[in-house]
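Notes for the one structure printed next.
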Amino acid sequence: MKMNKGFVLTLDAAVAAFLVLTILAYANYLVNESEVTQWSEYNMLSTGYDVATMLCHTGAFQTLNASLIENSLQQALPANYAMRIQVDSYQNIGGVLYPQTQIVIGPEIADSALKTHGKRTFLTFTGNNAGTYNLVEFWIWLK
Amino acid sequence: MKKGIVFTIGLALLALTVLTLATTMLLYRQSMQDLVYAPSAMERAYNTFHSAADDLKDIVLQASGVAVTVDGNDITFTETIPNPNVLAYQTSIDLYANFISSNVDNLELDLNHLRNTLTFVTLPQNVSYTHNTFGGKTIYVLPSTTNLNYSLSLQASENVSNCTYDIPPGDNTMAVYFEITGNPGSCTQTLLIDPSTSSSIYINEGSMTVSITPGGRLSVQSNLVSSINLTTTLHLAGQPNNNPGVYLPDDMLTASLSDYGMEKRGYVKIA
């Protein structure tokens, strides 16, 4: 009888310890997961903006030429990232902006939980006039 | 009975521990989320701001017809007065404002001053080069101290028949180099003036006036029939802060981070 009670108490203590340790481990996992996911998003976003800014400052975007932009993108993008870029151009015709062209570069957007999206703008000029007003949207994710 | 109480207290303590742990975790995650999302939001705001800043720089340098160069401590602005690019420039600004409001969130533009007066600020010396009305007949230079010199070079396509200098006596601490070339006729003069008084140069009986008013404020007003090419150089070597840069004012662009109660504003570097 005594032996039986001791066994129950030991079992109780073991179950309690198991429960506490499991909860602690799960809590730790959740907290770490949250940090990793968000910091990765920040890194991706930062890389995406850096690449978009570089393509703008080197004049690749201003060519409005899909293959030239794609070549520049391949050179600028780190190997472990994939990026899709869409450039929507609006032309100034008589003081009004009209949609002109849409260029889409890069693979289909992956169905990945860890992807992010950003925008920037640029202009092209014809003489003294701003000829096109362009919106660049990018989606970037880990391969 | 005793064991039952110990068991119940043990269970209660365990439940309390789990509850405390869950609460702590929740609070920790909330604070972590703010810490972790904020850099991404700031990255977006930073890039949104600088993207628009690049666009405005392009519009000003390519559409306004005002050329800006920085050579050491000498800043030079060159333009035609009245500026013939005013329509193209103002149309570009208007279209850009519409384009941004339709396509970019979290970016507020206030381009009225840029559109109507086109002001440049030289920093860190804080000297403004501006227009009464962009496309009008008057430009101003508004320094924060009188510790600078000016060079003015004007080219007119009409006859320059006479130049009159009204320079009152004073401390002669400011040097103004002035030259105007007409077709035909010209005047060239290096003047030493007192920046605490008003000095003026009148061309063709006041058809064109260059004035320096107290505080070293320069204005050039042209009522000549034809337009003039004006080159204005600010010599800032005497200023305490060197390495000047030319910027657009810091009240035009605001990239907002409303979720975090923050916003990104700043000057737009031109040269």
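It should be emphasised that the depicted structure is a prediction, and the values quoted were computed from it without experimental measurement. Below, read A as the first sequence line, B as the second, and so on, with proteins coming before strands; counting in each chain starts at 1.
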What part of [X] gets closer than 4.5 Å to chain A, counting heavy atoms only: side chain, backbone, both or neither?
{"X": "B:Y96", "value": "both"}
{"X": "B:N85", "value": "side chain"}
{"X": "B:L14", "value": "side chain"}
{"X": "B:I100", "value": "side chain"}
{"X": "B:T17", "value": "neither"}
{"X": "B:D54", "value": "side chain"}

Does a sphere of radius 6.0 Å around NE2 in B:H113 hold more than 12 heavy atoms from other residues, nucleotides or ligands, not counting ones at 6.0 Å or beyond?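 No - once you tally the heavy atoms of other residues, nucleotides and ligands closer than 6.0 Å, there are 12 at most.
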Atom CD of A:E108 with >12 non-hydrogen neighbours under 6.0 angstrom: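 Atom CD in A:E108 is not packed in, count stays at 12 or less.
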I need the minimum non-hydrogen distance between [X] and [Y], along with the two atoms involved.
{"X": "B:F99", "Y": "A:L135", "answer": "CZ-N, 3.8 Å"}
{"X": "A:Y133", "Y": "B:L95", "answer": "OH-CB, 3.4 Å"}
{"X": "B:S40", "Y": "A:E41", "answer": "OG-OE1, 3.6 Å"}

Select, from B:S51, B:A63, B:G10, B:A52, the one with the greatest count of heavy-atom pairs under 4.5 Å involving chain A.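 Among B:S51, B:A63, B:G10, B:A52, the one with the most close pairs to chain A is B:S51.
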Rounded to the nearest 0.5 Å, how far apart are [atom1] of [X] and [atom2] of [Y]?
{"X": "B:I59", "Y": "A:L123", "atom1": "CD1", "atom2": "CG", "answer": "5.0 Å"}
{"X": "B:E43", "Y": "A:M44", "atom1": "CD", "atom2": "CE", "answer": "12.5 Å"}
{"X": "A:K119", "Y": "B:L107", "atom1": "NZ", "atom2": "CG", "answer": "11.0 Å"}

So which of A:N134, A:T53, A:V136 has the largest heavy-atom pair count under 4.5 angstrom toward chain B?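 Counting heavy-atom pairs under 4.5 Å, the top option is A:N134.
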Test log, rule side chain to side chain contact (heavy atoms under 4.5 Å, CB included), inputs A:E137 and B:N103: CA-CA 10 Å; A:E137 286 188 81; B:N103 293 292; over 6 Å; no
Name, in order of residue number, those residues of residues 79-95 of chain A that have a heavy atom at a distance of less than 4.5 Å from a heavy atom in chain B; otherwise write 'none'.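 The residues closer than 4.5 Å to chain B, in numerical order, are A:Y90, A:N92, A:G95.
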Taking only heavy atoms into account, what residues of residues 124-131 of chain A are found under 4.5 Å from chain B?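 Residues of residues 124-131 of chain A touching chain B at under 4.5 Å: A:F125, A:G127, A:N128, A:N129, A:A130.
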Can you say whether A:V96 sits under 4.5 Å from chain B via the side chain, the backbone, both, or neither, judging by heavy atoms?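 Contact with chain B: backbone only.
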